[in-house]
> 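Here it is, the structure, as structure tokens.
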Amino acid sequence: MCRVGDIIVVKEFKDRNGTVVPKHSFVVISDEAGIIESYSYDFISNIMCSFHSENHKKRKLKIKSNLEIVPNKIKGRNVNNKTGYIRADDLFYFKKDKIEYKVIGRLSDDMLDKLIKLVISLNVENKTKDTITNL
């Protein structure tokens, strides 16, 4: 069971093109079931990414839809204590019975609030992308 604000690791998922991607972290932004393009889903999440270098970090944080995440804004035993970012414009829709995942942590309330506000802002500007390849 996952809920809004949880950080989960998905054993493998399909990216926008249908390519299978191994083990990756996501932040759950909605845990209410729904329907998109005639497919039912259980939750919506944003993908989390790591910085590969200081230069990479600077490049990625210039993008309005990327939100920096720092270790003190995450609670959990299995978190790697590295900085990274959340791609707030990529909305991944998941059906729980089609993936294997586990909850590894949770965003702080203030960080979750910041993320949700960014997602809403991007959505109003039609700058979000729906990924439904995991339904």
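Quick note: numbers below take in every heavy atom, side chains included, and nothing from hydrogens, waters or symmetry partners.
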> May I have the step-by-step check of side chain to side chain contact (heavy atoms under 4.5 Å, CB included) for S40 and K95, ending in yes or no?
CA-CA 7 Å; S40 62; K95 190 83 173 138; 3.4 Å; yes
> Can you hop from I36 to I29 via hydrophobic side chains spaced under 4.5 Å?
yes
> If you measure from the Lys or Arg side-chain nitrogens to the Asp or Glu carboxylate oxygens, is any gap between K96 and D42 under 4.0 Å?
no
> Under 4.5 Å between side-chain heavy atoms, chaining through other members, with only Ile, Leu, Val, Met, Phe, Trp and Tyr counted: pull out the rest of the cluster around L61, sorted by chain and number.
F51, Y85
> Under 6.0 Å between the ring centres of F26 and Y101?
no
> Any side-chain to backbone donor/acceptor pair from H24 onto K11? Under 3.5 Å, distance only.
no
> Applying salt bridge (charged side-chain N to carboxylate O under 4.0 Å, His left out), which residue pairs with at least one partner in residues 27-36 are found, sequence neighbours left out?
none
> Give me the ring orientation class for H56 and H52: parallel if the planes are under 30° apart, tilted from 30 to 60°, perpendicular past 60°.
tilted
> Under the criterion side chain to side chain contact (heavy atoms under 4.5 Å, CB included), which of F92, Y93, F94, F13 is the partner of T131?
F92
> May I ask you to decide whether D110 forms a salt bridge with K114, counting only side-chain N to carboxylate O separations under 4.0 Å?
no
> Do the side chain of D15 and the main chain of N17 share a donor and acceptor less than 3.5 angstrom apart?
yes
> Minimum heavy-atom separation for N46 to A88, with atom names?
ND2-O, 3.4 Å
> Is it true that a side-chain atom of N66 and a backbone atom of I63 form a donor plus acceptor pair closer than 3.5 Å?
no
> Closer than 3.5 angstrom, by distance alone: can the side chain of S30 be matched with the main-chain N or O of I44 as a donor-acceptor pair?
no
> For S38, what residues pass the side-chain contact (heavy atoms from CB on, under 4.5 Å) criterion, not counting sequence neighbours?
none
> Run through I47, I132, T128 and flag the one making a side chain to side chain contact (heavy atoms under 4.5 Å, CB included) with L91.
T128
> Which residue in the set R16, K127, K129 passes salt bridge (Lys or Arg N to Asp or Glu O under 4.0 Å) when paired with D89?
K129
> Do the side chains of E68 and K57 get close enough for a salt bridge, i.e. N-O under 4.0 angstrom?
yes
> Does K98 form a side chain to side chain contact (heavy atoms under 4.5 Å, CB included) with K14? I'd like the steps, not just the answer.
CA-CA 11 Å; K98 298 218 175 187; K14 293 178 185 171; over 6 Å; no
> Report the distance from atom NZ of K64 to atom CG of L122, rounding to the nearest 0.5 Å.
5.5 Å
> Could you pull out the closest heavy-atom pair between V103 and C2, with the gap in Å?
CG2-CB, 4.2 Å
